[in-house]
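Keep in mind the model is a prediction, meaning the values are calculated, not measured. Throughout, protein chains are lettered first and strands after them, A, B, ... in sequence-line order, and every chain is numbered starting at 1.
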Protein chains: 2
Amino acid sequence: MISKRTKYGLKALGYLAEQYGKGPVLIAEIAEQKKIPLKFLENILLQLKQNNILESKKGKGGGYMLALHPKKTSLASIYRIIEGPIAMMPCVSLNFYEKCKDCNEAYCGLNRVMIMTRDATLKVLEKRTLMDLADEPQMI
Amino acid sequence: MISKRTKYGLKALGYLAEQYGKGPVLIAEIAEQKKIPLKFLENILLQLKQNNILESKKGKGGGYMLALHPKKTSLASIYRIIEGPIAMMPCVSLNFYEKCKDCNEAYCGLNRVMIMTRDATLKVLEKRTLMDLADEPQMI
DNA sequence: AACACAGTCCACTAATCTGGTAGACAAATT
DNA sequence: AATTTGTCTACCAGATTAGTGGACTGTGTT
């Protein structure tokens with residue numbers, strides 16, 4: 001299960017994807033629309049900015065916006081920034097690899113299975129982008 | 001990322017799959033072979049027994065053994081017992097579903113994507129069994 | 001009956017992570 | 001100068017993780 005931090009981050013990015021091209025969006029607006037605690041969201045967006053996913057503008061008329069077109073940023077890259085490894089164990093992670101001590105990976109049954117699940121998840125998250133996070137317009 | 005508890009549990013089950021049909025195996029033997037802290041492992045195996053994955057026998061000649069043939073138990077069922085939901089969010093979980101408040105699932109972009117990753121992971125974990133956890137014999 | 005063996009169960013701990021909150025500060029605009 | 005908006009630091013309560021210790025219970029052997 002992902003943390004609320006990651007969930008909030010993805011929700012916010014979905015909102016920014018919907019608003020793409022319309023200029024900066026206020027943190028407060030995102031927080032209100034997506035029901036995310038304001039100060040918590042501030043922190044998450046800052047992290048995304050520091051990782052070049054978002055751009056910001058201070059002062060009146062300021063806010064946050066996507067650094068790239070929503071189709072250009074994969075969900076995998078966001079996941080890795082906020083949540084960390086996509087793989088279920090460090091010894092099968094591509095971006096956060098750590099050798100499994102007390103275990104020879106070449107013969108490890110668990111290792112093989114975990115690589116399969118990693119690849120299955122990755123196939124989805126590498127293909128899908130911020131564009132896919134945009135909510136469908138709701139008729140009221 | 002899965003917890004060490006889940007990792008240890010899977011490792012132990014892999015060992016019991018290797019030893020299937022040979023009678024009860026001591027906790028101490030599993031702990032030593034798989035480098036798992038003994039008392040921690042005791043606790044994990046007990047949980048697996050209480051969920052009918054394992055059978056046990058006390059006293060001399062006792063130990064733990066698989067309740068079923070290793071091919072009969074999916075990794076998904078083990079994962080759900082030890083780690084919990086396979087899905088990344090409660091609102092897309094099949095076995096641990098919780099409605100997402102402040103969000104209409106029918107229109108939620110994140111929901112759709114999370115269902116895709118859930119299904120991708122599930123396809124692997126439902127198909128693979130304890131049999132797949134058995135390590136390959138190592139030539140020494 | 002006594003003993004050793006091996007799983008069961010309960011209580012406790014230290015360290016880390018999660019999900020926040022508060023407040024001062026810095027930059028941009030009016 | 002005043003207002004707006006993001007930036008940064010610090011702090012916190014509660015839950016979770018990864019264990020450890022010790023007493024208890026059931027089983028088989030002598």
Starting from the 5' end of DNA chain C, give me the residue, K58(A) or P37(A), whose nearest nucleotide shows up first.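 Taking each residue's closest nucleotide, the earlier one in sequence belongs to P37(A).
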
Return the nearest nucleotide to the side chain of [X]; candidates are [options].
X	options	value
Y8(A)	dA18(D), dG20(C), dG6(D)	dG20(C)
K57(B)	dC8(D), dG19(C), dG28(D)	dG28(D)
K4(B)	dG6(D), dA18(D), dG7(C)	dA18(D)
K39(A)	dA22(C), dG20(C), dG28(D)	dA22(C)

What is the distance from [atom1] of [X] to [atom2] of [N], rounded to the nearest Å?
X	N	atom1	atom2	value
R5(A)	dG20(C)	CZ	C1'	11 Å
L38(B)	dA18(D)	CG	P	17 Å
L45(B)	dC9(C)	CG	C1'	15 Å
E55(A)	dT5(D)	CD	P	19 Å
I30(A)	dG6(D)	CD1	C1'	12 Å
I44(B)	dC9(C)	CD1	P	16 Å
E29(B)	dG7(C)	CD	P	11 Å
N43(A)	dC25(C)	CG	P	19 Å

If the threshold is 4.0 Å, N to carboxylate O, is there a salt bridge linking R118(A) and E126(A)?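 Answer for the salt bridge query: no.
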
Do the charged groups of K49(A) and E42(A) touch, with an N to O distance under 4.0 Å?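 Result for this pair is no, no salt bridge flagged.
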
NA contact type, I27(B), heavy-atom cut-off 4.0 Å: base, sugar-phosphate, or nothing?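 Sugar-phosphate: the residue I27(B), judged by heavy atoms under 4.0 Å, touches backbone atoms but no base.
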
Looking across every strand, which nucleic acid part, if any, lies under 4.0 Å from Q50(B) by heavy atom: base, sugar-phosphate, or nothing?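 Answer is sugar-phosphate: Q50(B) comes under 4.0 Å of backbone atoms only.
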
Looking at K7(B), I'd like to know whether one of its side-chain N or O atoms comes within less than 4.0 Å of OP1 or OP2 on dA18(D).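 Answer is no, no contact under 4.0 Å.
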
Please check if the side chain of Q47(A) supplies one atom and the backbone of I82(A) the other of a donor-acceptor pair under 3.5 Å.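 Checking the backbone N and O of I82(A) against the side chain of Q47(A), no donor-acceptor pair under 3.5 Å is found.
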
Do E83(A) and S3(A) pair up side chain to side chain, a donor and an acceptor below 3.5 Å, judged on atom types alone?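 The criterion, which ignores hydrogens and geometry beyond distance, is satisfied for S3(A) and E83(A).
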
Check whether the side chains of T121(A) and T121(B) place a donor and an acceptor atom closer than 3.5 Å, and report yes or no.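 Side-chain D/A pair, T121(A) to T121(B): present.
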
Tell me which of K60(B) and L46(A) sits closer to the 5' end of DNA chain D, going by the nucleotide each one is nearest to.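 The residue closer to the strand's 5' end, by nearest nucleotide, is L46(A).
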
